[in-house]
Peer 1: 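Below is the structure I would like to discuss, written out as C-alpha cells.
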Amino acid sequence: MGELKVHRVRFFDYLPSGVRAMAASPRGERLAVAREDGALELFNFSDHYFQEKVRQPAEGPGHGGLCWVGQRLFGAGLNGEITEYDLDLLRPRFSTSAYGGPVWAISSSPQKPRWRAGCEDGTVKMFEILDEGLRFQRNLDRQKGRVLSLSWHPGGGLIAAGMVDMIRIFDAHTGHATRRLLVERGAGALKSREVVVWSLVFLPDHTVVSGDSAGKVQFWDGHTGTLIRSHLVSKWDVLALSATQDGCSLVAGTSEGTVVQFQFISSNVDQDNKDWVRTRTFKNHSHDVRALVHLEGAVVSGGVDTQLVVRPLLDKVEKNTRESACAGSPSPH
C-alpha cells in the first residue's frame, strides 16, 4: 500500500457571546462592538464590513456602553471604570474611575471635547477629554434613582437622562434639571409597576425619543416636556434606539428580536404636516436586540443570539427576512 497522509483536527470548546453595546465612529466608517464576555471587536465598514481587530475576553464585566469622540474610542461598564482604547493594538490606553459606582450609560458632546456618564448613585458626571485621559469636572443635579440612559442634543446645550418612570432634561451649562417627563405605564398596567427607560435619543429638532420596559417608543417635545406621540411596538421591552444624523429616521430594538423603523414623513394629503410613522419591521434575531447603530443606508443590530446583522435600507428590498440581511458569524477567525 502507498503512504497515507493523516490530517489531524483539534476541536475546542467555544461558546459565542452576545452583543452588549455598539458604537459607530462619527463618519460611520468604523464600528466598535462590545460582547458580554468582555471581548471587543473593531469592524471597518468602508471595506465590506471587514473585522479589523479583536480583543480577547478580559476578566470582570464587559462594557455596557461604547462611545467615540472623534477617532478615540471609550468604554464603560458596571465595574465603574472608564477606559480609552489604543486603536492600533486594541488594548486599554488608560482607565479611570467614574466616581459614582457602576456606569449604566455614556454620551459624548457633539460640539466640545466633553464626556458624560450616568451612574448608579443617581448622578450624571461630566468629564473633560484631554490628550492623555479624562479629567472629572462636576456632577449634574443628583437624582433619586440610577441613570440608565443618556443622550446629548446635537447642539450641545441639553442632555436627556432616562431613569425609572421618568426622563430628566438637564442644562449642560448650569447642570440643573429643567424638565421632568413622566413615562406612562400603559393601558391596564398596575400602578405599582415600574417603567424603565432603557434608551434615549435627542434629535436635532429637540424631540426626545424614549424606549421603555412597557414596550413603547414615545416622542416628546424637549422644549415643553409634553408627549407628542406614543407607539406600542412590543409586548416586552424596547432595549435600544438609534437615529440618523439628520433625525428623520429612527430604529428601535426589542426583546422579541425585532427591529422597528420609524420615519418622519408627511401624509399623502398634506405634504407640510409631517409625523413619526412606523414604516418597517425586521425580524433578523431570535432573542433580545440590545444594541443598534443606524447608518445612512443600513441598520446594524446585535443582541443575545450573538449575531451581528447588517440590514440594508433600500427601497428595492421587499423582503423583511434574513435573505435580505447580512449576518456576521460570531465565531472567531
Side-chain angles (χ1 to χ4, degrees), residues 104-111 114 116-119 121-126 138-187 189 191-234 237-252 260 262-264 273-278:
W104 291 91
I106 57 178
S107 180
S108 63
S109 171
Q111 302 294 333
R114 299 288 187 272
R116 301 211 172 188
C119 299
D121 64 354
T123 60
V124 178
K125 300 182 180 296
M126 177 185 287
R138 59 188 173 91
N139 294 328
L140 304 189
D141 289 346
R142 183 186 294 270
Q143 307 302 309
K144 291 183 179 180
R146 62 178 64 140
V147 179
L148 296 169
S149 52
L150 279 177
S151 183
W152 209 313
H153 184 263
L158 297 173
I159 298 172
M163 290 157 279
V164 176
D165 292 336
M166 73 174 65
I167 302 167
R168 286 279 193 178
I169 298 179
F170 295 90
D171 188 312
H173 304 293
T174 64
H176 299 310
T178 59
R179 292 285 184 272
R180 185 180 71 162
L181 288 59
L182 298 179
V183 182
E184 298 177 353
R185 289 173 172 81
K191 293 183 178 180
S192 59
R193 178 186 178 185
E194 293 181 340
V195 179
V196 182
V197 181
W198 289 119
S199 184
L200 286 174
V201 173
F202 215 146
L203 301 179
D205 63 353
H206 285 83
T207 298
V208 179
V209 189
S210 63
D212 58 45
S213 59
K216 302 188 304 298
V217 175
Q218 296 186 311
F219 297 84
W220 308 79
D221 187 329
H223 291 296
T224 62
T226 57
L227 181 63
I228 302 173
R229 187 75 60 190
S230 181
H231 293 268
L232 182 64
V233 300
S234 173
D237 300 47
V238 177
L239 299 173
L241 293 173
S242 182
T244 54
Q245 292 184 355
D246 60 5
C248 294
S249 180
L250 177 137
V251 288
V260 183
F262 294 88
Q263 290 178 284
F264 191 59
N273 186 18
K274 292 186 176 182
D275 197 3
W276 284 99
V277 179
R278 178 176 174 175

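Atoms considered below: every heavy atom in the structure, side chains included; atoms not considered: hydrogens, waters and symmetry mates. Keep in mind that what you see is a predicted model, and the values were worked out from it rather than measured.
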Peer 1: Taking all atoms of both residues into account, what is the closest heavy-atom pair of D141 and H176, and its distance?
Peer 2: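 Minimum heavy-atom contact is OD2-CA, 3.0 Å.
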Peer 1: Taking atom CH2 of W220 and atom CD1 of I169, what is their separation to the nearest 0.5 Å?
Peer 2: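 Atom-to-atom, W220:CH2 and I169:CD1 are 9.5 Å apart.
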Peer 1: Provide the closest heavy-atom pair for L241 versus G211 in the form atom of the first, atom of the second, distance.
Peer 2: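 That would be CD1-N, 3.4 Å.
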Peer 1: Would you call the rings of H153 and F202 parallel, tilted or perpendicular, taking 30° and 60° as the class edges?
Peer 2: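 Geometry flag for F202 against H153: perpendicular rings.
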Peer 1: Would you compute the distance between atom CZ of R168 and atom CG of L140 and round it to the nearest 0.5 angstrom?
Peer 2: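 Answer for the CZ-CG pair, R168 versus L140, is 12.0 Å.
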Peer 1: From S149 OG over to I106 CD1, what is the distance, rounded to the nearest 0.5 angstrom?
Peer 2: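 So the OG of S149 and the CD1 of I106 are separated by 13.0 Å.
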Peer 1: I'd like to know whether V183 forms a side chain to side chain contact (heavy atoms under 4.5 Å, CB included) with D165, so could you lay out the CA-CA distance, the side-chain angles of the two residues, the decisive distance to 0.1 Å, and finally the verdict.
Peer 2: CA-CA 5 Å; V183 182; D165 292 336; 5.7 Å; no
Peer 1: Restricting to non-hydrogen atoms, name the atom on M163 and the atom on R146 that form the minimum distance, rounded to 0.1 Å.
Peer 2: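 The pair with the smallest heavy-atom distance is CG-O, 3.3 Å.
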Peer 1: What is the minimum heavy-atom distance between V147 and T123, and which atoms define it?
Peer 2: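 So the two residues come closest at CG2-O, 4.0 Å.
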Peer 1: What verdict does the side chain to side chain contact (heavy atoms under 4.5 Å, CB included) test give for L203 and F264, after you've listed the backbone C-alpha separation in whole Å, the side-chain angles of each residue and the deciding distance to 0.1 Å?
Peer 2: CA-CA 11 Å; L203 301 179; F264 191 59; over 6 Å; no
Peer 1: Between CD1 of I159 and NE2 of H173, what distance do you get to the nearest 0.5 Å?
Peer 2: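 Rounded to the nearest 0.5 Å, the CD1-NE2 separation comes to 9.5 Å.
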Peer 1: Which atom pair, heavy atoms only, marks the closest approach of W152 to S108?
Peer 2: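 Distance-wise, the nearest heavy atoms are CE3-C, 3.5 Å.
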Peer 1: Carefully, step by step, assess V277 and Q263 under the rule side chain to side chain contact (heavy atoms under 4.5 Å, CB included).
Peer 2: CA-CA 5 Å; V277 179; Q263 290 178 284; 5.8 Å; no
Peer 1: Taking the side chain as every heavy atom from C-beta outward, state whether L150 and V124 have any pair of such atoms under 4.5 Å apart.
Peer 2: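 The answer is yes; the side chains approach within 4.5 Å.
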Peer 1: So for atom CZ, which belongs to R180, do other residues, nucleotides or ligands contribute more than 12 heavy atoms lying within a distance under 6.0 Å?
Peer 2: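 No.
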Peer 1: Once you round to the nearest 0.5 Å, how far does CG of D212 lie from CG of L239?
Peer 2: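 So the gap between those two atoms works out to 10.5 Å.
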Peer 1: Given the rule in the side chain to side chain contact (heavy atoms under 4.5 Å, CB included) test, do S213 and W198 qualify, once you have shown the distances and angles that lead to the verdict?
Peer 2: CA-CA 7 Å; S213 59; W198 289 119; 3.7 Å; yes
Peer 1: Ignoring hydrogens, what is the shortest heavy-atom contact between A160 and I167? Give both atom names and the distance.
Peer 2: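 The answer is CB-CG2, 4.5 Å.
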Peer 1: If you measure from CD on E184 to OG on S210, what distance do you get to the nearest 0.5 Å?
Peer 2: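 If we round to the nearest 0.5 Å, E184:CD and S210:OG are 10.0 Å apart.
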